[in-house]
Amino acid sequence: MTIQTSLGDIFKTYGSERPIFKEKETLSIKFTPENTPHREKQLKQVALILAPLLRNDKPSNIFIYGKTGSGKTLVVRSVVDNLLGTINKGNIPVKIFYINCKMKKITDTEYRLLAQLVSNFGEEVPYTGLPTSEVYKRFYELLDKENQNVVLVLDEIDALVKKIGDGILYNLTRINQDLEKTKLTLIGISNDLSFIDELDPRVRSSLSEEEIIFPPYNANELRDILTERANLAFNPGVISSKVVAKCSALAAQEHGDARRALDLIRIAGEIAERKDSKKVEEIHVDMAESKLDTDRILEILRTQPKQSQVVFKAILQSHKKGNTNIQTGDVYDLYTNICAKNNLNPLTQRRVSDLIAELDMFGIINAKVLSKGRYGRTKRIKVNLPKSLVENIEGSILREFY
DNA sequence: AGTCCACAGGAAGGGCAGGCGA
DNA sequence: TCGCCTGCCCTTCCTGTGGACT
């Protein structure tokens, strides 16, 4: 058989038969389901707060808090979709914009966020070059062009404030004083509750005129959500309640993260599909779990700058020598060695210290500040990755370094 | 009680690339 | 082309620190 025909066979069976999935998209985080189980209360709260829009009044600003995958974005999007439907029918001048503040290179600086806001109004600003005040000015002008209500949903607002401070929020919460025609309402969504305490008190009080808290889902609630989605996504009889329960339980351990639960069940389905299985089994869920972690780490490492990869290589070298108590100084010595062998200019220890902190933040390594009295203060670095993954990383991403 | 280690991590600023308007 | 602005990466300089040792 030629390659062409055998490939043809694969695509033919793959394209025509879908024994596992009925509609996989329903497991995507982009999908907005009709029901939002266990979030009825929050849904109603958000809807009531935003309802004045229908009478062309300005609603209160809202601050929404809850861990990742607790349904915040889903609820807001669901209310907004509904609202927009009614608004469009009634010809009410309302614009609602959703911005994720954690998008690297898109919304992670004051300038870029403003540029993004401006582009929402259909105008473009250059990626860089203009003074920030100029971008502000353009935003004001666009905003105040006509009589209208504008709602700005700022998702992952804590990430933004951690990076650039609360200056921009101060400006946005004060903006209504300067606007003549437009009324601006802010909806801030955060994963981190303590974040609100670090804000300027004036920003805090105006941003959280209304506060809504999303508690994490427990395993039972996750199971309800997952069952509903699984019924949409999978063909009948493909997935048992036991498998759904397993995904829910695993995700419940991760602070009740529904996104994680959906990812798990989707990947498990894909694995089952690839293995030509007629059903999704528990073993597929186990495989999905390790695949999710592995993929995440590989992806992060791959997109790290060279220097950061070299630092990680130095850590791995020390780790493989059986050193369970790796410290910054050791890593730095190994790092400079690797740099010398590879003709790279080594960075300073200060910078390497930051890179180590970054790797820790990504969860690739575990670094803890440790005082050893007489013997100084340092970070104790641990590598908690499976051996197979370490080998995989060394064979692919770190291969280019000696 | 005081010393001192081996860093942590904050602050300031240099240098670069990309981009603007004049 | 020039002067100015931005973000980003990095260095330099600095102060802070928990606890073993004296």
Side-chain angles (χ1 to χ4, degrees), chain A residues 99-119 121 123-142 156 159-169 171-172 194-195 198 200 300-315 317-319 323-340 342-383 401:
Chain A
I99 297 219
N100 187 330
C101 303
K102 215 181 172 178
M103 306 259 284
K104 239 188 158 183
K105 310 269 178 196
I106 299 178
T107 51
D108 55 353
T109 67
E110 185 173 19
Y111 184 99
R112 286 176 179 158
L113 180 70
L114 286 167
Q116 193 64 27
L117 290 173
V118 169
S119 84
F121 281 93
E123 286 215 6
E124 292 304 322
V125 250
Y127 294 119
T128 164
L130 294 180
T132 312
S133 57
E134 172 63 26
V135 191
Y136 256 118
K137 206 179 118 213
R138 290 197 198 174
F139 175 58
Y140 280 135
E141 282 167 11
L142 284 167
E156 314 235 24
L160 180 76
V161 170
K162 256 181 215 137
K163 191 131 192 247
I164 60 167
D166 56 8
I168 185 159
L169 287 184
N171 289 339
L172 287 176
S194 64
F195 144 85
E198 289 154 27
D200 182 314
I300 291 171
L301 276 175
R302 192 170 295 122
T303 51
Q304 284 305 296
K306 219 174 209 178
Q307 294 285 4
S308 183
Q309 293 177 350
V310 175
V311 170
F312 186 63
K313 187 176 173 87
I315 294 171
Q317 270 187 5
S318 191
H319 171 71
N323 191 349
T324 50
N325 202 1
I326 312 169
Q327 55 187 59
T328 309
D330 307 339
V331 172
Y332 191 68
D333 288 345
L334 287 169
Y335 160 80
T336 44
N337 277 338
I338 300 173
C339 282
N342 289 278
N343 258 337
L344 288 166
N345 283 331
L347 303 172
T348 55
Q349 182 157 328
R350 176 73 188 82
R351 180 67 189 140
V352 168
S353 166
D354 277 346
L355 292 179
I356 291 173
E358 245 171 62
L359 289 172
D360 177 39
M361 202 189 66
F362 287 132
I364 294 171
I365 59 170
N366 192 302
K368 206 177 155 198
V369 179
L370 190 73
S371 260
K372 299 191 297 168
R374 180 94 254 205
Y375 306 102
R377 227 161 93 91
T378 180
K379 267 183 184 152
R380 191 187 56 204
I381 300 162
K382 281 186 177 169
V383 182
F401 308 113

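Chain naming here is simple, since letters A, B, ... match the order of the sequence lines and numbering starts at 1 in each.
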Student: Without decimals, in angstroms, what is the distance between Arg374(A) CZ and dC7(B) P?
Tutor: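 Arg374(A) atom CZ is separated from dC7(B) atom P by 15 Å.
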Student: How long is the line joining CD1 of Ile356(A) and C1' of dG9(B), in whole Å?
Tutor: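 Distance, rounded to whole Å: 13 Å.
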Student: Between dG18(C) and Tyr375(A), is there an OP1 or OP2 to side-chain N/O distance shorter than 4.0 Å?
Tutor: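 No, outside the criterion.
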Student: Mark yes or no for whether Ser318(A), through its side chain, and Ala314(A), through its backbone, hold a donor-acceptor pair below 3.5 Å.
Tutor: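 A pair under 3.5 Å: no.
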Student: Any side-chain N or O of Thr348(A) under 4.0 Å from OP1/OP2 of dT11(C)?
Tutor: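 Result: yes.
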Student: Write down the distance between CG (Asp354(A)) and C1' (dC7(B)), rounded to a whole number of angstrom.
Tutor: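 That distance rounds to 13 Å.
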Student: Rounded to the nearest angstrom, tell me the gap between atom NZ in Lys368(A) and atom P in dA6(B).
Tutor: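 For the pair Lys368(A) NZ and dA6(B) P, the rounded distance is 21 Å.
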Student: Compare side-chain N and O positions of Ser353(A) against OP1 and OP2 of dG9(B) and report whether any pair is under 4.0 Å apart.
Tutor: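 For Ser353(A), the contact criterion (side-chain N or O under 4.0 Å from OP1 or OP2 of dG9(B)) is not met.
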Student: Using whole Å, report how far CG of Leu114(A) lies from C1' of dC20(B).
Tutor: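 Rounded to whole Å, this separation is 17 Å.
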Student: Could you tell me the separation between the CZ atom of Arg380(A) and the OG1 atom of Thr324(A), rounded to the nearest 0.5 Å?
Tutor: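 The distance works out to 8.5 Å.
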Student: What is the distance, to the nearest angstrom, from the CD atom on Glu358(A) to the P atom on dC9(C)?
Tutor: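 Rounded to the whole Å, the gap is 8 Å.
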Student: For the side chain of Gln327(A), counting heavy atoms from C-beta on, which of dG9(B), dG19(C), dA6(B) is nearest?
Tutor: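 Nearest to the side-chain atoms of Gln327(A), counting from C-beta on, is dA6(B).
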Student: Side chain of Thr378(A) only, heavy atoms from C-beta on: which candidate in dG9(B), dA6(B), dC10(C) is closest?
Tutor: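 Minimum distance to the Thr378(A) side chain belongs to dA6(B).
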Student: If only atom types and distance count, is the side chain of Asn342(A) paired as donor or acceptor with the main-chain N or O of Ile338(A) below 3.5 Å?
Tutor: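 Yes, the answer is positive, given that a donor and an acceptor are paired below the 3.5 Å cut-off.
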Student: If I take atom CZ in residue Arg377(A) and atom C1' in nucleotide dC5(B), what distance separates them, rounded to the nearest angstrom?
Tutor: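 Spelled out: CZ on Arg377(A) to C1' on dC5(B) is 12 Å.
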Student: Between Lys379(A) and Gly373(A), which is nearer to the 5' end of DNA chain B once each is assigned its nearest nucleotide?
Tutor: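 First, find each residue's nearest nucleotide; the 5'-ward one identifies Gly373(A).
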Student: Check whether any side-chain N or O of Gln349(A) sits under 3.5 Å from a backbone N or O of Gly329(A) as a donor-acceptor pair, and report yes or no.
Tutor: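 No, Gln349(A) side chain to Gly329(A) backbone: no donor-acceptor pair under 3.5 Å.
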Student: I need the OH-C1' distance between Tyr332(A) and dG9(B), as an integer number of Å.
Tutor: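 The distance from OH of Tyr332(A) to C1' of dG9(B) comes to 16 Å, rounded to the nearest Å.
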Student: Quick one: NE2 on His319(A) to CZ on Phe312(A), what's the gap to the nearest 0.5 Å?
Tutor: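 Here the interatomic distance stands at 8.5 Å.
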Student: Within the pair Lys372(A) and dC21(C), is there a side-chain N or O less than 4.0 Å away from OP1 or OP2?
Tutor: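 Negative; the distance criterion is not met.
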